[in-house]
Amino acid sequence: MLKKEVEKFLLKVQKPGRYVGGELGAVIKNKEDVDVRFAFCFPDTYEIGMSHLGMKILYSLFNEMPYIWCERVFAPWIDMEEEMKNHGEPLYALESGDPLYEFDFIGFTLQYELSYSNILYMLDMGGIPVLSKDRKGLKNIVVAGGPNCCNPEPITDFVDLFFLGDGEEVDLEVIELYRECRKEDTTREEFLRRASKIKGVYVPSLYEVSYHDDGTVSSITAKEGAPKRIEKRVMTDMDKCFYPKDFVVPNIEIVHDRAVEEIFRGCIRGCRFCQAGFLYRPVREKSVGCINEQCRALCHNTGYDEISLSSLSSSDYSQIVPLLTKLSEWSNEENVSLSLPSLRVDGFSDEILSKIKSVRKSGLTFAPEAGSQRLRDAINKNVFEEELIETCSTAFEGGYTTVKLYFMIGLPTETYDDVAAIADLAQKVVNAYYACEHRQKGKSVRVTVSASSFVPKPFTPFQWEPQDTMDELRNKQQHLKASIKTKKITYNYHDSDTSFLEAVFARGDRKLNRVMLEAFKRGIHFDSWGDCFSLKSWLEVFESCGIDPAFYANRKRDFSEVLPWDHLDYGIKKSFLIEECEKAYQSKSSPNCREECMHCGANRYGTGVCYEKH
C-alpha cells in the first residue's frame with residue numbers, strides 16, 4: 001500500500017514501478033491477525049530481486065502460514081534514495097507500506113559479496129541500527145540465508161543469525177521459536193541462545209575468534225552452549241518440498257521475467273572452481289510428474305508463456321528427455337516455450353534441441369570455462385573440444401546461428417597459452433558453422449566469448465588458491481583480446497576491480513566488519529553496479545582501517561591453516577577438497593557422482609544421488 005507521502009515524489013524517479021507494489025499475486029494480510037511480520041529484503045534493485053527464485057519460494061511458504069505475513073523490500077536506487085531522505089521517508093515494504101523498523105524479522109538473502117554494503121544501507125534507511133549489539137528486545141531480528149552464508153564472517157557484526165543450507169524448514173522453526181520466546185517474554189540474547197541449538201542456525205555472537213601474529217585465524221571457540229560446528233540443513237525429498245503455485249507477477253520488466261521451475265538441487269560434476277556445486281550436494285531430483293504439475297500451475301496462475309527449468313546443470317537431470325516430452329504435451333498447444341539455461345556441452349542432443357526450439361528460438365549458451373584441455377582437466381570440467389564442436393554443429397544444423405561461450409581467466413595453473421586457447425576454441429566454433437551443410441543460408445554466425453575472472457571461494461578445492469593480481473588479470477584479458485582474429489567473435493570481459501573485492505570478502509574474516517562499517521559511514525553501496533562501484537574508495541577504506549585486502553585475495557593459503565569458515569559444516573570433507581586441489585596441480589580429472597562416488601562426505605544425508613539405484 002503506497003503512502004500518499006511517497007506518491008508526491010514518485011514521478012521524479014526513474015522506474016517508479018519499482019516502489020508501488022500492488023502486483024498480481026502479492027499477499028495482503030491484516031497485520032492485526034498475524035503474530036510475526038517478516039520483511040524479506042533483497043539487497044539490490046527490484047528487477048534483480050524479483051528474478052530470484054529463493055525469494056519466490058520463501059515468500060509463498062511464509063505467507064501460507066496464517067500467523068506470518070511476509071513482505072518484500074528492495075534496495076531503492078540512488079534517485080529514490082535521495083528523494084526518500086529529502087522527505088524523511090524510511091525504507092518500507094511493498095505490501096503494507098510500513099517502515100522496516102516495524103517488522104519482527106528483517107531477512108536478507110546473501111547471493112553476492114558485492115551486495116553486502118547494501119545490507120547496511122537498507123537497515124539504516126529502514127530506521128534500524130546497523131550493529132547487532134545496538135538492537136534491543138525481541139524486535140528487528142536481522143537474519144540472513146543463501147549461499148554466501150558459507151562464510152558470513154565479514155558481516156557478523158550486523159546480522160543476528162544465519163541460516164545454513166536449505167531454508168524451507170529451518171526458517172519456520174526459528175520463527176516458531178520466536179513466537180514461544182515472545183510469549184515467555186525472554187530476552188533477545190536468550191532467543192539467540194535457543195536458536196543456536198536448531199540445526200542449520202549460526203549465531204555469530206556465540207563464537208570467539210582468535211588470531212596469530214601474522215593475521216591468520218588461530219582458533220574459533222563456541223560459547224554459552226553453542227555447537228562447535230554448525231551443520232547445514234538439507235531438504236531430502238524434493239517432491240514433498242514446498243514449491244509455490246504462483247509467483248508475484250511484476251509491474252515492470254525484470255531480469256528474468258518468466259516462470260521458473262526448480263528441477264533438482266545440487267550438481268554431480270564437481271568443477272573445482274564452482275562453489276554452488278559443493279554447497280548444494282547431494283543432487284536431489286524432483287520427479288517428472290511433480291515438475292509437470294508445478295509448471296502447469298505456474299503458467300496457469302501467472303500467465304507466463306515461458307518456463308525456465310532451473311538447476312545448476314539442467315541436462316544432468318536423469319529424466320530430461322521424458323520430462324521435456326511430458327511438458328511438450330501441453331506447452332506446444334499453449335504456446336509456452338521451454339528454456340534450459342544451464343546446458344552442458346556433453347548433455348546436448350538432437351532430442352533436447354527438438355524440444356526446446358519448438359516454440360521460440362534463441363541463442364544457446366555453453367560454458368567450456370577453459371580453452372585448453374589441460375586446464376579443463378585441472379578444473380575438472382570434463383568437457384572435450386570434440387564434444388563442443390559436435391554440439392555446436394548440431395545446433396547450427398537445427399537452425400541456430402548464435403552461440404555464447406563462457407570462460408574464466410586466472411584459474412589455478414593457467415598459462416598465457418591457455419588464455420590464447422580460448423580464442424582458438426571460439427574460432428573452431430565459427431569454422432564449424434560454415435562446415436555445416438544445412439546451416440541457415442545467407443546468415444552469419446555470431447559467437448560471443450565472455451570471460452570472467454576467477455575468484456577463489458570457500459568450500460571448493462580452490463579455496464586455498466590465490467587470485468591473480470588485478471594487473472595480471474588485465475594482462476590476460478588483453479592477451480585474449482589480441483588472440484581473436486575475426487569479427488564474428490564478440491569478446492566481453494568483466495572488470496577485474498570488482499573481482500578483486502569479491503575475492504576479499506569471499507575469503508574474509510571478522511576483521512573485515514570494521515571495513516564494512518567504515519564503508520557504510522562513507523556512503524558506499526550498490527557495489528555490484530558499475531556506475532556506483534569505486535575501487536579507489538574501497539582501497540581508501542582498507543587503508544584507513546589498517547587492513548591489506550591482498551592478504552585475503554592474493555595470498556596462497558596452506559592446507560593446515562585454520563580458515564575463517566572452518567566451524568561451518570556443509571557436508572564436504574576438508575580432506576576431499578585437499579585431494580581435489582592436489583589433482584588440479586597434476587591436471588587430473590575426477591569422475592562425476594553418477595560415474596563413481598569420490599567419498600566427499602555428502603552421503604551422510606542419506607538421500608539423492610548418493611543412494612540412486614543404477
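Just so you know, these numbers use all the heavy atoms, side chains as well, and skip hydrogens, waters and symmetry mates.
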Those residues at least two apart in sequence (or on a different chain) that pass ring pair (Phe, Tyr, Trp, His ring centres under 6.0 Å) with Phe103 are none

Contacts of Asp104 that satisfy salt bridge (Lys or Arg N to Asp or Glu O under 4.0 Å) - sequence neighbours left out:
Lys139, Arg182

Where do Leu164 and Leu568 land on the side-chain contact (heavy atoms from CB on, under 4.5 Å) test, with the steps shown first?
CA-CA 8 Å; Leu164 274 56; Leu568 308 181; 4.0 Å; yes

Mind checking what makes salt bridge (Lys or Arg N to Asp or Glu O under 4.0 Å) contact with Lys8, not counting sequence neighbours?
none

Partners passing ring pair (Phe, Tyr, Trp, His ring centres under 6.0 Å) against Tyr19 (at least two apart in sequence or in another chain):
none

I'd like to check the side-chain contact (heavy atoms from CB on, under 4.5 Å) partners of Ser311; sequence neighbours left out, ordered by chain and number.
Ile263, Phe264, Ser314

Counting only heavy atoms from other residues, nucleotides and ligands, does the tally under 6.0 Å from NZ of Lys326 exceed 12?
no

So, do Phe162 and Val143 sit near enough that their side-chain heavy atoms are less than 4.5 Å apart?
no

Under the side-chain contact (heavy atoms from CB on, under 4.5 Å) rule, collect the residues that match up with Ser499, sequence neighbours excluded.
Ser453, Val455, Gln467

side-chain contact (heavy atoms from CB on, under 4.5 Å) with Cys290: which residues, sequence neighbours excluded?
Asp239, Lys286, Ser287, Gln294

Mind checking what makes salt bridge (Lys or Arg N to Asp or Glu O under 4.0 Å) contact with Lys245, not counting sequence neighbours?
none

With a 4.5 Å cut-off on side-chain heavy atoms, are Ile128 and Arg135 touching?
yes

Go through the structure and list residues passing salt bridge (Lys or Arg N to Asp or Glu O under 4.0 Å) with Arg233, not counting sequence neighbours.
Glu169, Glu173

Would you give the length of the straight line joining atom SG of Cys299 to atom CG of Asp305, rounded to the nearest 0.5 angstrom?
8.0 Å

Taken in chain and number order and not counting sequence neighbours, the residues that satisfy ring pair (Phe, Tyr, Trp, His ring centres under 6.0 Å) with Tyr59 are none

Test of understanding: with ring pair (Phe, Tyr, Trp, His ring centres under 6.0 Å), list the residues that count as partners of Tyr570, not counting sequence neighbours.
Phe459

Pro244: which residues meet the side-chain contact (heavy atoms from CB on, under 4.5 Å) condition with it, sequence neighbours left out?
Ile57, Ser60, Phe242, Phe247

